[in-house]
Amino acid sequence: MVVRVALSPEPIDVAALQELVRETKYGGVVTFTGDVRSVTGDRFTNRLFYEAHESMALVQMRKIAEEESASFSGNVVIVHRIGELQPGETAVVCIAACAHRAAAFDCCRNLIDRIKADVPIWKKEFGPSGEEWIS
């Protein structure tokens, strides 16, 4: 099984990550990209800043990836950006390759849901009305 996790200050190469999980035994490859949006509710966003407790975040990301990989018998990649990002940039990528599409979709959804809930990564929004840490 392939299990890769990373935090990166650099833009994410989604196509390269997809190639890491591809195997002929897997018919379903699902990719989730979370991109920085310019509007949240009624607030405009000029830029975001992602900060992480890096060692703890990587440990938790690996735990999540390994558990979901084992649960769905597939390959898993998770990469999250840190640092300053602009609207339109990709902030997080989760990829799951499994034998069948349903498992790949379920695995990928579990990955992003668990990352958002359990990994110590924080987001600060900057916009015309000021800046704010978002929980």
Side-chain angles (χ1 to χ4, degrees):
M1 304 261 181
V2 173
V3 174
R4 300 271 177 98
V5 300
L7 295 171
S8 176
E10 302 300 322
I12 301 170
D13 184 343
V14 177
L17 296 176
Q18 289 168 328
E19 288 307 311
L20 290 176
V21 302
R22 290 191 190 281
E23 290 186 44
T24 56
K25 66 181 177 179
Y26 296 135
V29 178
V30 174
T31 303
F32 170 80
T33 61
D35 296 345
V36 177
R37 60 184 173 263
S38 61
V39 178
T40 302
D42 60 350
R43 290 188 334 255
F44 290 93
T45 302
N46 296 334
R47 61 188 166 99
L48 293 180
F49 184 81
Y50 283 97
E51 183 174 274
H53 186 296
E54 290 190 37
S55 60
M56 287 178 62
L58 288 168
V59 166
Q60 190 63 21
M61 289 166 68
R62 175 154 299 280
K63 178 180 185 277
I64 291 166
E66 288 175 348
E67 288 174 1
E68 296 302 328
S69 173
S71 179
F72 290 96
S73 299
N75 292 339
V76 168
V77 172
I78 303 168
V79 179
H80 203 298
R81 293 279 308 272
I82 53 175
E84 187 173 294
L85 282 80
Q86 304 298 317
E89 289 189 88
T90 297
V92 62
V93 174
C94 297
I95 305 173
C98 301
H100 302 284
R101 70 178 178 272
F105 275 108
D106 290 345
C107 182
C108 201
R109 177 181 291 278
N110 287 357
L111 292 170
I112 190 60
D113 287 349
R114 291 183 66 191
I115 290 163
K116 297 294 262 178
D118 299 335
V119 177
I121 298 173
W122 303 279
K123 172 173 73 173
K124 189 175 201 179
E125 285 187 0
F126 295 83
S129 58
E131 57 190 62
E132 178 182 1
W133 285 102
I134 305 299
S135 58

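We count residues from 1, following the sequence as given. These figures come from a predicted structure and were not determined experimentally.
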Q) When you look at CZ of F105, are more than 12 heavy atoms from neighbouring residues, nucleotides or ligands closer to it than 6.0 Å? A) no
d(E132 CD, T40 OG1) to nearest 0.5 Å is 10.0 Å
Apart from L17 itself, its cluster of hydrophobic side chains linked below 4.5 Å comprises I12, V14, L20, V21, V29, V77, V79, V93, I95
Shortest non-hydrogen pair, E23 vs N75, comes out as OE2-ND2, 2.7 Å
Exercise. So do the side chains of L48 and I134 get within less than 4.5 Å of each other, counting heavy atoms only?
Worked result: no
Residues pairing under side chain to side chain donor-acceptor pair (under 3.5 Å) where one sits in residues 90-100, two or more places apart or in two chains, turn out to be D35-T90
Taking every heavy atom of I115 against every heavy atom of C94, the minimum-distance pair comes out as CD1-SG, 3.5 Å
### Message
Evaluate V3 against R62 for side-chain contact (heavy atoms from CB on, under 4.5 Å), listing each step before the verdict.
### Response
CA-CA 8 Å; V3 174; R62 175 154 299 280; 3.7 Å; yes
Notebook entry, point to check: Taking C-beta and beyond as the side chain, do P11 and R81 meet within less than 4.5 Å on heavy atoms?
Noted result: yes
Paired with K124, the salt bridge (Lys or Arg N to Asp or Glu O under 4.0 Å) test is passed by just one of E51, E131, E84, namely E131
Q: Please examine the side chains of E67 and N110, heavy atoms only from C-beta on, and report whether any two atoms are closer than 4.5 Å.
A: no
Crowded around R43 CZ? As in, over 12 foreign heavy atoms under 6.0 Å? yes
Looking at side-chain heavy atoms only, is the closest gap between W122 and H53 below 4.5 Å? yes
Given the rule that I, L, V, M, F, W and Y join up when any side-chain heavy atoms are under 4.5 Å apart, are I82 and V5 in one cluster? yes
Are there over 12 heavy-atom neighbours, none belonging to R4, within less than 6.0 Å of that residue's CZ? no
query = Under 4.5 Å between any side-chain heavy atoms of K116 and I112, yes or no?
reply = yes
Rounded to the nearest 0.5 Å, the CD atom of E54 sits from the CD1 atom of I121 at a distance of 9.5 Å
**Message:** Could you see if V2 belongs to whatever hydrophobic cluster contains M61? Use Ile, Leu, Val, Met, Phe, Trp, Tyr and a side-chain cutoff under 4.5 Å.
**Reply:** no
Between S38 and P87 the two heavy atoms that sit nearest each other are CB-CB, 4.0 Å
Are side-chain heavy atoms of C107 and V76 found at a separation under 4.5 Å? yes
Rounding to 0.5 Å, atoms OG (S71) and CD (E66) come to a distance of 13.5 Å
Of all heavy-atom pairs linking A57 and L7, the shortest is CB-CD1, 4.1 Å
All heavy atoms of A103 vs all of F72, minimum pair found to be O-CD2, 3.5 Å
In terms of heavy-atom contacts, L85 and A91 come closest through CD2-CA, 3.7 Å
query = Does the side chain of K63 come within less than 4.5 Å of D118's, by heavy atoms?
reply = no
How about CZ on F126, more than 12 heavy atoms from neighbouring residues, nucleotides or ligands closer than 6.0 Å, or not?
yes
Checklist line | Minimum side-chain heavy-atom gap M1-S73 below 4.5 Å | finding: yes
